[in-house]
2 protein chains.
Amino acid sequence: MLQEATGFLTARQLHERLRRRGEQISLATVYRALQALTEDGHLDVTMGTAGEHRYCRCAGDGPHHHLVCRHCGHTIEIKGALLEHWASLVARQHGFTAVAHRLELEGECATCPTQG
Amino acid sequence: MLQEATGFLTARQLHERLRRRGEQISLATVYRALQALTEDGHLDVTMGTAGEHRYCRCAGDGPHHHLVCRHCGHTIEIKGALLEHWASLVARQHGFTAVAHRLELEGECATCPTQG
DNA sequence: TTATCTGCAAACATTTTGCAGCGAG
DNA sequence: CTCGCTGCAAAATGTTTGCAGATAA
């Protein structure tokens, strides 16, 4: 059902896509499904700068980050062991414990179909 | 007026603080002031996981990141030259250009007043 | 029967905006 | 007068929830 989420989508965007494919699904159901799948760990969630949730279908194989094309939404997963190391080091230097980190990279991908 | 924003605050939190100090300010005015100050570059904005904006008074001296205590909101600015380097390197490796990045570190600070 | 899933619409939270009042120039 | 700042309330947007009907075990 959420095979559509190959990149980062808002609930509304996913809803629109599904309806265009002919599914008669309602927005509320999309939200509920998204919620359930997120709880099960099948989806990652990030916050857009406009305050909306963005859902992404990621392999649940541990912490990673995302490189997202700002035009087409194409997403690449990044396993940033180096970053995680650096993050916990910096945090410890400042006396912080139980540190979680969140990184998002946004740019323009080389093969962006929406470039023209 | 926003000297209160020593850490990350939502508009509501700031509004509450100001009212407790006796200011008869309205929520709309808080938003408007926040908006103006953000445009002027006097405030940084991040998104909380619940979808709310969080405002922070930062020196506008170039890109940096934040280490935030999840309990008291105490915030430390981090200049991550190493991270920026790594980020643009990774992005370039994947063919991305014009890459912006956003990092947030959240943990528990050593001198947290709300630990008990 | 119960349990789950669904749609619709209302509720809810955050943020923005329209209108009017007030003080400064 | 105009201009800008303010408060109140309503609107806009994104998200959640209450209720009832359908379907499955």
Side-chain angles (χ1 to χ4, degrees), chain A residues 1-58 66 68-73 75 100 102 104 106, chain B residues 1-58 60 66 68 70-73 75 100 102 104 106:
Chain A
M1 182 261 210
L2 288 184
Q3 294 77 9
E4 298 302 315
T6 54
F8 274 83
L9 294 170
T10 65
R12 280 182 75 107
Q13 285 173 333
L14 178 60
H15 180 228
E16 246 184 74
R17 277 207 202 182
L18 292 171
R19 296 198 70 128
R20 279 187 193 152
R21 286 169 70 98
E23 313 236 13
Q24 282 289 92
I25 198 171
S26 81
L27 189 55
T29 303
V30 172
Y31 274 109
R32 279 190 273 232
L34 253 26
Q35 217 173 38
L37 288 169
T38 302
E39 281 176 13
D40 285 357
H42 298 305
L43 290 182
D44 272 13
V45 189
T46 63
M47 297 300 310
T49 46
E52 9 73 59
H53 289 111
R54 291 191 175 185
Y55 300 87
C56 172
R57 201 168 120 266
C58 300
H66 298 108
V68 186
C69 175
R70 85 176 90 240
H71 294 307
C72 66
T75 301
R102 182 167 29 134
E104 278 158 64
E106 187 186 74
Chain B
M1 181 259 209
L2 288 183
Q3 293 77 9
E4 297 302 314
T6 54
F8 273 83
L9 293 170
T10 66
R12 280 184 72 107
Q13 286 172 331
L14 178 59
H15 181 227
E16 247 183 75
R17 277 207 202 181
L18 291 172
R19 294 198 72 129
R20 280 188 194 151
R21 287 171 69 100
E23 314 235 13
Q24 282 289 91
I25 198 169
S26 82
L27 189 55
T29 303
V30 172
Y31 276 108
R32 279 190 272 231
L34 253 27
Q35 218 173 38
L37 288 170
T38 302
E39 281 175 15
D40 284 357
H42 297 305
L43 290 182
D44 272 13
V45 188
T46 63
M47 298 298 311
T49 47
E52 9 71 57
H53 289 112
R54 291 191 176 185
Y55 299 87
C56 172
R57 202 167 120 267
C58 299
H66 298 110
V68 185
R70 84 176 90 241
H71 295 306
C72 66
T75 301
R102 182 166 30 136
E104 279 158 62
E106 187 186 73

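Throughout, a chain's letter reflects where its sequence line sits, starting with A, and its residues are numbered from 1.
Of all nucleotides listed (D:dG14, C:dT15, C:dG7), D:dG14 comes nearest to the side chain of A:Arg12. The nucleotide whose nearest atom lies closest to any side-chain atom of B:Ala11 is, among D:dG7, D:dG14, C:dT15, C:dT15.
Spacing between atom CG of A:Leu9 and atom C1' of D:dG14 amounts to 15 Å, rounded to whole angstrom units. Protein atom CD1 of A:Ile25 is 14 Å distant from nucleotide atom C1' of C:dC8, rounded to whole Å. In this entry the distance linking CE of A:Met47 with P of C:dT14 reads 12 Å, nearest Å. For B:Leu37 and C:dT15, the CG to C1' distance is 16 Å, given to the nearest whole Å. One interatomic measurement links the two molecules: CD of A:Gln24 to P of C:dG7, which rounds to 8 Å at whole-angstrom precision. Per the geometry, CG belonging to A:Leu18 stands 17 Å off P belonging to C:dC5, to the nearest Å. One atom, CZ of A:Arg54, and another, P of D:dT13, lie 17 Å apart when rounded to the nearest Å. For the pair B:Glu39 CD and D:dG4 P, the interatomic distance rounds to 14 Å; values are reported in whole Å.
In this structure the side chain of A:Glu16 never reaches within 4.5 angstrom of the side chain of A:Arg12, judged on heavy atoms. Between A:His53 and A:Leu34 there is no side-chain heavy-atom pair separated by less than 4.5 Å.
For the atom pair B:Met47 CE and B:Arg54 CZ, the distance stands at 9.5 Å (nearest 0.5 Å). In this structure, B:Glu106 CD and B:Thr75 OG1 are separated by 10.0 Å, a value rounded to the nearest 0.5 Å. One distance of note links CD of A:Gln24 with OG1 of A:Thr29; it measures 11.5 Å at 0.5 Å rounding.
Closest heavy-atom contact between B:His66 and B:Asp44: CE1-OD2, 3.6 Å. Nearest approach of B:Leu9 to B:Arg17, heavy atoms of both residues: CD2-NH2, 3.6 Å.
Residue B:Ser26 has no polar side-chain atom (N or O) positioned under 4.0 Å from OP1 or OP2 of D:dC8.
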Collect all protein-nucleotide pairs involving nucleotides 16-21 of chain D in which both atoms are nitrogen or oxygen and the distance is under 3.5 Å.
unit_1 : atom_1 : unit_2  : atom_2 : d
D:dT16 : OP1    : A:Gln35 : NE2    : 3.4
D:dG18 : O6     : A:Arg32 : NH1    : 3.4

